[in-house]
Enquirer: 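Here you go, one structure.
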Amino acid sequence: NAGVTQTPKFQVLKTGQSMTLQCAQDMNHEYMSWYRQDPGMGLRLIHYSVGAGITDQGEVPNGYNVSRSTTEDFPLRLLSAAPSQTSVYFCATSQRESTDTQYFGPGTRLTVL
Amino acid sequence: AQSVTQPDIHITVSEGASLELRCNYSYGATPYLFWYVQSPGQGLQLLLKYFSGDTLVQGIKGFEAEFKRSQSSFNLRKPSVHWSDAAEYFCVYGSSNTGKLIFGQGTTLQVKP
(Lines give C-alpha, C1' and ligand atoms only; values in the text may rest on other atoms or scores of the structure.)
Protein backbone atom coordinates (compact mmCIF):
# COMPACT_ATOMS: atom_id res chain seq x y z
CA ASN A 1 0.00 0.00 0.00
CA ALA A 2 1.31 3.42 -0.93
CA GLY A 3 -0.81 5.20 1.72
CA VAL A 4 -1.21 8.89 0.85
CA THR A 5 0.67 10.21 -2.15
CA GLN A 6 1.06 13.80 -3.30
CA THR A 7 2.40 15.15 -6.56
CA PRO A 8 4.39 17.16 -7.35
CA LYS A 9 6.87 17.43 -4.47
CA PHE A 10 8.03 20.88 -5.55
CA GLN A 11 6.50 23.48 -7.85
CA VAL A 12 7.34 27.03 -8.87
CA LEU A 13 4.61 29.16 -10.43
CA LYS A 14 4.34 32.67 -11.72
CA THR A 15 1.63 34.95 -10.40
CA GLY A 16 -1.63 34.31 -12.22
CA GLN A 17 -0.84 30.78 -13.33
CA SER A 18 -3.13 27.93 -12.37
CA MET A 19 -2.22 24.43 -11.33
CA THR A 20 -3.54 21.32 -9.60
CA LEU A 21 -1.95 19.58 -6.65
CA GLN A 22 -2.73 15.88 -6.68
CA CYS A 23 -3.59 13.73 -3.66
CA ALA A 24 -4.37 10.03 -3.85
CA GLN A 25 -4.95 7.37 -1.20
CA ASP A 26 -5.32 3.62 -1.38
CA MET A 27 -6.71 3.05 2.13
CA ASN A 28 -10.40 3.42 1.18
CA HIS A 29 -10.70 6.37 3.54
CA GLU A 30 -13.84 8.50 3.40
CA TYR A 31 -12.41 11.71 4.89
CA MET A 32 -9.82 13.72 2.96
CA SER A 33 -8.51 17.19 3.55
CA TRP A 34 -6.01 19.80 2.41
CA TYR A 35 -3.89 21.94 4.71
CA ARG A 36 -1.33 24.62 4.16
CA GLN A 37 1.59 25.02 6.53
CA ASP A 38 3.21 28.40 7.05
CA PRO A 39 5.92 29.25 9.60
CA GLY A 40 4.54 30.04 13.04
CA MET A 41 0.95 29.31 12.01
CA GLY A 42 0.65 25.55 12.31
CA LEU A 43 -1.52 23.86 9.70
CA ARG A 44 -4.63 25.57 8.42
CA LEU A 45 -7.49 23.70 6.80
CA ILE A 46 -8.26 24.73 3.21
CA HIS A 47 -10.98 22.28 2.11
CA TYR A 48 -12.18 18.89 3.19
CA SER A 49 -14.39 16.07 1.99
CA VAL A 50 -16.36 13.48 3.96
CA GLY A 51 -16.91 11.26 0.93
CA ALA A 52 -17.10 11.15 -2.85
CA GLY A 53 -19.19 14.01 -4.19
CA ILE A 54 -19.12 15.98 -0.93
CA THR A 55 -16.75 18.85 -0.19
CA ASP A 56 -16.75 21.76 2.22
CA GLN A 57 -14.67 24.80 3.03
CA GLY A 58 -12.14 24.99 5.80
CA GLU A 59 -10.49 27.96 7.45
CA VAL A 60 -8.68 29.43 4.40
CA PRO A 61 -10.55 28.38 1.22
CA ASN A 62 -10.17 31.54 -0.88
CA GLY A 63 -8.22 31.02 -4.09
CA TYR A 64 -8.55 27.24 -3.97
CA ASN A 65 -11.00 24.80 -5.48
CA VAL A 66 -11.55 21.09 -4.85
CA SER A 67 -13.66 18.24 -6.13
CA ARG A 68 -14.06 14.62 -5.05
CA SER A 69 -15.28 12.45 -7.88
CA THR A 70 -13.78 9.24 -6.47
CA THR A 71 -12.95 7.94 -3.00
CA GLU A 72 -9.26 7.76 -3.90
CA ASP A 73 -8.51 11.22 -5.30
CA PHE A 74 -8.87 14.73 -3.91
CA PRO A 75 -7.14 17.31 -6.14
CA LEU A 76 -6.57 20.90 -5.02
CA ARG A 77 -6.74 23.57 -7.71
CA LEU A 78 -5.14 26.97 -7.52
CA LEU A 79 -7.21 29.14 -9.80
CA SER A 80 -4.85 32.12 -10.19
CA ALA A 81 -1.73 31.77 -8.11
CA ALA A 82 -0.63 34.61 -5.85
CA PRO A 83 2.59 35.05 -3.83
CA SER A 84 0.50 34.67 -0.65
CA GLN A 85 -0.11 31.06 -1.67
CA THR A 86 3.56 30.22 -1.31
CA SER A 87 3.43 27.46 1.28
CA VAL A 88 3.79 23.77 1.96
CA TYR A 89 0.61 21.87 1.22
CA PHE A 90 -0.37 18.65 2.95
CA CYS A 91 -3.11 16.23 2.08
CA ALA A 92 -4.49 14.11 4.91
CA THR A 93 -6.96 11.26 5.07
CA SER A 94 -8.83 9.37 7.77
CA GLN A 95 -11.24 6.49 7.86
CA ARG A 96 -14.49 8.40 8.37
CA GLU A 97 -14.17 11.63 10.32
CA SER A 98 -11.75 14.41 11.15
CA THR A 99 -11.48 12.99 14.68
CA ASP A 100 -10.12 9.67 13.42
CA THR A 101 -6.37 9.30 13.08
CA GLN A 102 -5.15 11.44 10.21
CA TYR A 103 -2.62 10.04 7.72
CA PHE A 104 -0.60 12.76 6.05
CA GLY A 105 1.06 12.81 2.68
CA PRO A 106 4.69 13.95 2.30
CA GLY A 107 3.70 17.47 1.21
CA THR A 108 4.10 19.74 -1.80
CA ARG A 109 6.32 22.81 -1.52
CA LEU A 110 4.87 25.56 -3.70
CA THR A 111 6.56 28.85 -4.53
CA VAL A 112 4.68 31.60 -6.35
CA LEU A 113 6.86 34.32 -7.86
CA ALA B 1 -12.56 32.63 18.22
CA GLN B 2 -11.69 29.00 18.50
CA SER B 3 -8.02 28.44 19.17
CA VAL B 4 -5.35 26.05 20.28
CA THR B 5 -2.34 27.64 21.94
CA GLN B 6 1.13 26.22 22.29
CA PRO B 7 2.92 28.86 24.37
CA ASP B 8 6.43 27.64 23.61
CA ILE B 9 7.54 28.18 20.02
CA HIS B 10 10.97 26.66 20.58
CA ILE B 11 12.31 24.40 23.36
CA THR B 12 15.81 23.03 23.84
CA VAL B 13 16.49 20.13 26.20
CA SER B 14 19.49 17.94 26.84
CA GLU B 15 19.38 14.32 25.78
CA GLY B 16 18.13 12.23 28.67
CA ALA B 17 16.28 15.12 30.30
CA SER B 18 12.53 15.18 30.81
CA LEU B 19 10.24 17.07 28.49
CA GLU B 20 6.89 18.81 28.81
CA LEU B 21 5.23 20.62 25.91
CA ARG B 22 2.27 22.77 26.81
CA CYS B 23 -1.06 23.02 25.03
CA ASN B 24 -4.21 24.96 25.91
CA TYR B 25 -7.50 25.04 24.01
CA SER B 26 -10.47 27.37 24.20
CA TYR B 27 -13.61 25.34 23.64
CA GLY B 28 -16.47 24.26 25.85
CA ALA B 29 -17.48 21.03 24.14
CA THR B 30 -15.94 17.71 25.02
CA PRO B 31 -12.90 17.79 22.82
CA TYR B 32 -10.96 15.31 20.82
CA LEU B 33 -7.32 16.19 21.42
CA PHE B 34 -4.27 15.00 19.57
CA TRP B 35 -0.53 15.42 19.45
CA TYR B 36 1.15 15.05 16.08
CA VAL B 37 4.88 15.11 15.35
CA GLN B 38 6.59 16.32 12.21
CA SER B 39 10.18 15.36 11.54
CA PRO B 40 12.15 17.70 9.26
CA GLY B 41 10.92 17.54 5.67
CA GLN B 42 8.26 14.98 6.51
CA GLY B 43 4.52 14.77 6.89
CA LEU B 44 2.86 14.52 10.29
CA GLN B 45 2.47 11.39 12.40
CA LEU B 46 0.05 10.80 15.26
CA LEU B 47 1.69 10.46 18.69
CA LEU B 48 -1.46 10.03 20.78
CA LYS B 49 -5.06 11.10 21.15
CA TYR B 50 -7.71 11.61 23.80
CA PHE B 51 -11.47 11.67 23.53
CA SER B 52 -12.81 10.09 26.67
CA GLY B 53 -11.95 7.88 29.60
CA ASP B 54 -8.64 7.92 31.40
CA THR B 55 -7.23 11.43 31.29
CA LEU B 56 -3.65 10.16 31.06
CA VAL B 57 -3.04 8.72 27.61
CA GLN B 58 -0.04 6.82 26.38
CA GLY B 59 1.33 7.20 22.89
CA ILE B 60 4.09 5.96 20.68
CA LYS B 61 7.80 6.54 21.26
CA GLY B 62 7.36 6.76 25.05
CA PHE B 63 5.21 9.92 25.02
CA GLU B 64 2.21 10.54 27.24
CA ALA B 65 -0.25 13.40 27.67
CA GLU B 66 -2.66 14.41 30.41
CA PHE B 67 -6.04 16.00 29.78
CA LYS B 68 -7.05 18.52 32.44
CA ARG B 69 -10.52 19.87 31.79
CA SER B 70 -10.32 22.46 34.60
CA GLN B 71 -7.22 23.99 33.00
CA SER B 72 -8.25 23.38 29.36
CA SER B 73 -4.86 21.80 28.87
CA PHE B 74 -3.41 18.76 27.18
CA ASN B 75 0.31 18.78 27.89
CA LEU B 76 2.68 16.30 26.30
CA ARG B 77 5.42 14.66 28.37
CA LYS B 78 8.33 12.32 28.01
CA PRO B 79 10.55 11.24 30.93
CA SER B 80 13.79 10.95 28.95
CA VAL B 81 14.32 12.63 25.60
CA HIS B 82 16.34 11.00 22.79
CA TRP B 83 18.15 12.87 20.02
CA SER B 84 15.69 11.40 17.51
CA ASP B 85 12.85 13.27 19.24
CA ALA B 86 14.03 16.54 17.70
CA ALA B 87 11.06 17.62 15.58
CA GLU B 88 8.07 19.93 15.52
CA TYR B 89 5.11 19.00 17.70
CA PHE B 90 1.54 20.05 17.09
CA CYS B 91 -1.35 20.01 19.51
CA VAL B 92 -4.64 19.57 17.67
CA TYR B 93 -8.28 20.00 18.66
CA GLY B 94 -11.09 18.16 16.93
CA SER B 95 -14.85 18.19 17.17
CA SER B 96 -17.11 15.54 15.74
CA ASN B 97 -19.71 18.29 15.22
CA THR B 98 -17.68 20.49 12.87
CA GLY B 99 -15.71 17.97 10.84
CA LYS B 100 -12.63 20.12 11.22
CA LEU B 101 -9.36 20.07 13.07
CA ILE B 102 -7.70 23.11 14.64
CA PHE B 103 -3.90 23.04 14.90
CA GLY B 104 -1.75 24.87 17.39
CA GLN B 105 1.17 26.90 16.09
CA GLY B 106 3.63 24.15 16.84
CA THR B 107 6.60 23.75 19.19
CA THR B 108 10.02 23.01 17.75
CA LEU B 109 12.07 20.72 19.98
CA GLN B 110 15.84 20.81 19.79
CA VAL B 111 17.81 18.13 21.65
CA LYS B 112 21.35 18.89 22.85
CA PRO B 113 23.84 16.02 23.06
Side-chain angles (χ1 to χ4, degrees), chain A residues 2-7 9-10 21 23-25 27 29-51 54-61 66 68 74 87-109, chain B residues 1-11 21-27 29-53 57 59-60 67 74 87-108:
Chain A
V4 183
T5 59
Q6 290 184 238
T7 54
K9 285 198 160 191
F10 302 93
L21 307 184
C23 175
Q25 53 101 357
M27 297 179 285
H29 283 175
E30 293 295 328
Y31 185 93
M32 297 186 74
S33 54
W34 277 102
Y35 292 88
R36 59 176 291 172
Q37 182 178 24
D38 303 293
M41 302 189 74
L43 275 71
R44 293 180 292 169
L45 181 65
I46 304 171
H47 286 287
Y48 67 101
S49 169
V50 298
I54 306 169
T55 63
D56 206 346
Q57 295 182 349
E59 183 183 356
V60 288
V66 292
R68 182 96 180 269
F74 190 45
S87 188
V88 181
Y89 291 84
F90 288 99
C91 177
T93 78
S94 64
Q95 191 163 13
R96 284 180 295 115
E97 301 176 327
S98 63
T99 49
D100 295 326
T101 299
Q102 296 293 317
Y103 295 86
F104 285 82
T108 295
R109 184 174 293 274
Chain B
Q2 302 169 336
S3 67
V4 175
T5 302
Q6 294 179 243
D8 305 305
I9 296 173
H10 194 107
I11 284 183
L21 302 183
R22 296 181 291 163
C23 172
N24 294 96
Y25 65 95
S26 61
Y27 304 99
T30 301
Y32 288 70
L33 293 164
F34 310 81
W35 277 97
Y36 281 85
V37 60
Q38 183 180 29
S39 297
Q42 304 292 316
L44 281 73
Q45 180 186 23
L46 179 69
L47 280 177
L48 49 79
K49 66 179 178 181
Y50 168 83
F51 56 91
S52 68
V57 293
I60 62 171
F67 172 62
F74 189 57
E88 190 162 18
Y89 292 80
F90 292 96
C91 181
V92 184
Y93 168 92
S95 167
S96 57
N97 293 332
T98 67
K100 302 174 185 177
L101 296 177
I102 307 288
F103 282 73
Q105 303 94 319
T107 298
T108 299

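Any value given below was found using the heavy atoms of this structure, including those in side chains, with hydrogens, waters and symmetry copies removed. As the structure is a computational prediction, the values presented were derived from the model and not from experiment. Residue numbers start from 1 in every chain, and the chains themselves are labelled A, B, ... in the order their sequence lines are given, proteins ahead of strands.
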Enquirer: For B/F51, is it the side chain, the backbone, both, or neither that has a heavy atom closer than 4.5 Å to a heavy atom of chain A?
Expert: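 No part of B/F51 comes within 4.5 Å of chain A.
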Enquirer: Which heavy atom of A/L45 sits nearest to which heavy atom of B/K100, and what is that distance?
Expert: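 For A/L45 and B/K100, the tightest heavy-atom pair comes out as CD2-CG, 3.7 Å.
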Enquirer: If you count heavy atoms of other groups shown closer than 6.0 angstrom to CZ of A/R44, is the number above 12?
Expert: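 More than 12 within 6.0 Å, yes.
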Enquirer: State whether the number of non-hydrogen atoms from other residues, nucleotides or ligands found under 6.0 Å of A/I54 atom CD1 is greater than 12.
Expert: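 Above 12, so yes.
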Enquirer: Below 4.5 Å, heavy atoms only, C-beta onward: do A/Q102 and B/L44 meet side chain to side chain?
Expert: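 No - every pair of side-chain heavy atoms lies 4.5 Å or more apart.
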Enquirer: From A/Y35 OH over to B/F103 CZ, what is the distance, rounded to the nearest 0.5 angstrom?
Expert: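 Rounded to the nearest 0.5 Å, the OH-CZ separation comes to 4.5 Å.
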Enquirer: As an exercise: rank A/Q37, A/Q6, A/E59 by heavy-atom pairs under 4.5 Å with chain B and give me the winner.
Expert: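 Of the options given, most contacts go to A/Q37.
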Enquirer: Can you tell which part of B/Q38 gets under 4.5 Å to a heavy atom of chain A, answering side chain, backbone, both or neither?
Expert: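 Contact with chain A involves the side chain of B/Q38 alone.
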Enquirer: Would you check if A/L43 and B/F90 make a side-chain contact, meaning some heavy-atom pair closer than 4.5 Å?
Expert: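 In contact.
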Enquirer: Starting at CG of B/L101, measure out to CD of A/E97 and round the result to the nearest 0.5 Å.
Expert: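 Reported value, rounded in 0.5 Å steps: 10.5 Å.
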Enquirer: Report, as yes or no, whether the 6.0 Å neighbourhood of atom OH on B/Y50 holds more than 12 heavy atoms from other residues, nucleotides or ligands.
Expert: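 Above 12, so yes.
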Enquirer: For chain B, which of A/F104, A/Y31, A/F90 has the most heavy-atom pairs under 4.5 Å?
Expert: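 Winner by heavy-atom pair count: A/F104.
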Enquirer: Could you grab the distance from atom OG1 of A/T101 to atom CG of B/L48, nearest 0.5 Å is fine?
Expert: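 With rounding to 0.5 Å, OG1 (A/T101) is 10.5 Å from CG (B/L48).
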